[in-house]
Amino acid sequence: MLKDRSLLCDSVRIGEGIYEAGVEGLTVTNPATSACLGNVPNLGGTETELAIRHARKAQADWAAQPAKARAEVLQRWFVLIVENADDLARIITLEQGKPLKEAKGEVLYGASYVEWYAEEARRIYGETIPATSRDKRLLVIRQPVGVVAAITPWNFPNAMITRKVAPALAAGCAIIVKPAEQTPFSALALATLAERAGVPPGLFTVITGDARRIGAAMTSSPFVRKLSFTGSTDVGKLLMRQCADTVKKISLELGGNAPFIVFDDADVEAAVEGAVVAKFRNTGQTCVCANRIYVQSGVHDAFVAALVKRMRTMKVGDGQAGDTDLGPLIDVSAIDKVQAHISDAIANGARIELGGTHHSLGGTFFQPTVLTGVHHEMRIAREETFGPVAPVFRFDTEEEVITLANDSEYGLAAYFFTRDLARSWRVGERLEYGMVGINTGLISTAEAPFGGIKQSGLGREGSRLGLDEYLEAKYLCVGGIDEGN
Ligand SMILES: NC(=O)c1ccc[n+]([C@@H]2O[C@H](COP(=O)([O-])OP(=O)(O)OC[C@H]3O[C@@H](n4cnc5c(N)ncnc54)[C@H](O)[C@@H]3O)[C@@H](O)[C@H]2O)c1
Ligand SMILES: O=C[C@H](O)CS(=O)(=O)O
């Protein structure tokens, strides 16, 4: 199944110690078949504290390295990830379910963060500030925060890890990562390749096991100076509270509820393709998925007809099959949430234009679904669906749709299609979101700052801004310079 079977690693390395899964291990299953893929160690607070101790030691040496040396290790890690992309993609599809072609895309996307921060590692500049007195010199240097803890989700089990580990290592930090219990093998494979690239023992540790206990040890330790979390808003709030006692620096990449707006003057065909990417990537299980599709009255019926026609061409199936466009949802609770949103919408007057129920493949496969006649009082408008359901809302004016689009506690991504230049500026500036796609449904890239506002998170990942999350600015004030004193 894999070219390099050693990449399917089921043990955890902490310092020089190796922890095997054993009978108490956590079982990992393939969401497409429910087959057992293997077990990983079910570790907790004690092992996390040991990992923190090793991280502290390794971080001091790592930070003392020249920036070029850190950059070279990251560059080697990047090369190894790309060289092993097919195996890493297959591991993603096996444990998360997305189609292989999307999984390969995720691996290369994740690798691009490693490449980007291998380059940024050599450009962590400080500054001098003109002093107000002759005998002083003012300087600012930027130093690594120290030991970082990271907790990541199942939907992008590779890229959500490199998007944290790469800037952390580039900044001179050590990092301990707890992956989602559903998808640990991608994380363990990345750690294996990092070790081969020359990342020293203890500097980047993947720890699997009891989320609450591991999280409690991470958030309560005074030696962990930063928590970077990607996941649901509810868990993000919990971890933010847990970090308060030790006043940690935190980054939160949380839930979304993206509006996708199509104006009368849009290229409808381009808008349909944009909606397919923004809505159905990873079977609708991405934080930046279009959760609400608003279409202006003049093109509403044409858009719905074109979207339904386009969706009928998409194939639901096992992600390992080459022609699959939509894989399974991650688990039964995901299916239940999707069905609940559809049932609530229908009960409140929505119409099913396509799909609307479980797929004939059974399990956690679901039909791609298009609803019309939806409104803001429905759950599907207020909650993150995280599945292959496209609710289409009709609107009349620009002012009306901006109000509707902003009517959410989330603020991660938004999208709109128009060919009016003035409107693109007006709407782009007024949408209350961290990221806005204009005439495109695919915005994520390592060069740009990824992140949200309101209850979608704090901080940014990627771009030059992403490095600041792992650095502290230290002010040095040098006095007694003036010989006259
Ligand atoms: N903004 C982003 O960049 C981004 C990216 C991916 C996913 N997400 C969001 O993540 C959610 C889906 O992912 P999920 O289901 O894995 O989210 P989740 O919050 O349930 O889990 C995320 C991680 O948190 C861990 N966790 C859960 N409870 C914990 C606790 N009490 N203490 C410590 N760790 C705990 C889990 O084990 C997992 O590793 C969606 O809301 C999605 O929008 C956001
Ligand atoms: O859902 C999580 C990811 O951040 C989505 S993306 O691949 O970065 O757009």
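Whatever order the structure lists them in is the order used to number ligands and atoms, beginning at 1. Fair warning: this is a prediction, and the values are worked out from it, not measured in the lab.
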Is Leu412 close to ligand 1, meaning an N/O of one under 3.5 Å from an N/O of the other?
no
At a 4.0 Å cut-off, with the gap strictly under it, does some heavy atom of Arg163 reach an atom of ligand 1?
yes
May I ask you to check if ligand 1 and Asn155 share an N or O to N or O distance below 3.5 Å?
no
Any chance the side chains of Lys248 and Thr246 put a donor and an acceptor closer than 3.5 Å?
yes
In this structure, are over 12 heavy atoms from other groups packed under 6.0 Å from Glu119 atom CD?
yes
Nitrogen or oxygen of Thr230 less than 3.5 angstrom from that of ligand 1:
no
Are any of the N/O atoms in Thr152 less than 3.5 Å from those in ligand 1?
yes
Answer yes or no for Lys164 and Tyr470: cation-pi contact, defined as NZ/CZ to six-membered ring centre under 6.0 Å and angle to ring axis within 45°.
no
Under 4.0 Å and counting heavy atoms only, is there anything from the protein next to atom 21 (O) of ligand 1?
no
Below 4.0 Å from ligand 2: does a non-hydrogen atom of Arg281 turn up there or not?
yes
Does ligand 2 have any atom that is closer than 4.0 Å to a heavy atom of Gln285?
no
Close approach of Arg163 to ligand 2, heavy atoms, under 4.0 angstrom
yes
Using a heavy-atom cut-off of under 4.0 Å, does the side chain or the backbone of Thr286 touch ligand 2, or both, or neither?
both
Could you grab the distance from atom CD of Gln242 to atom CD1 of Ile250, nearest 0.5 Å is fine?
11.5 Å
Side chain, backbone, both or neither: the part of Asp234 lying under 4.0 Å from ligand 1 by heavy atom
neither
Could you find the nearest protein heavy atom to atom 32 (N) of ligand 1 and give me its residue, atom name and distance?
Ala211 O, 3.6 Å
For ligand 2, note which part of Glu461 has a heavy atom under 4.0 Å away: side chain, backbone, both or neither.
neither
Give the single entry among Gly231, Gly452, Ala159, Ala258 that approaches atom 9 (C) of ligand 1 most closely by any heavy atom.
Gly231
Would one find an N or O of Thr286, backbone or side chain, under 3.5 Å from an N or O of ligand 1?
no
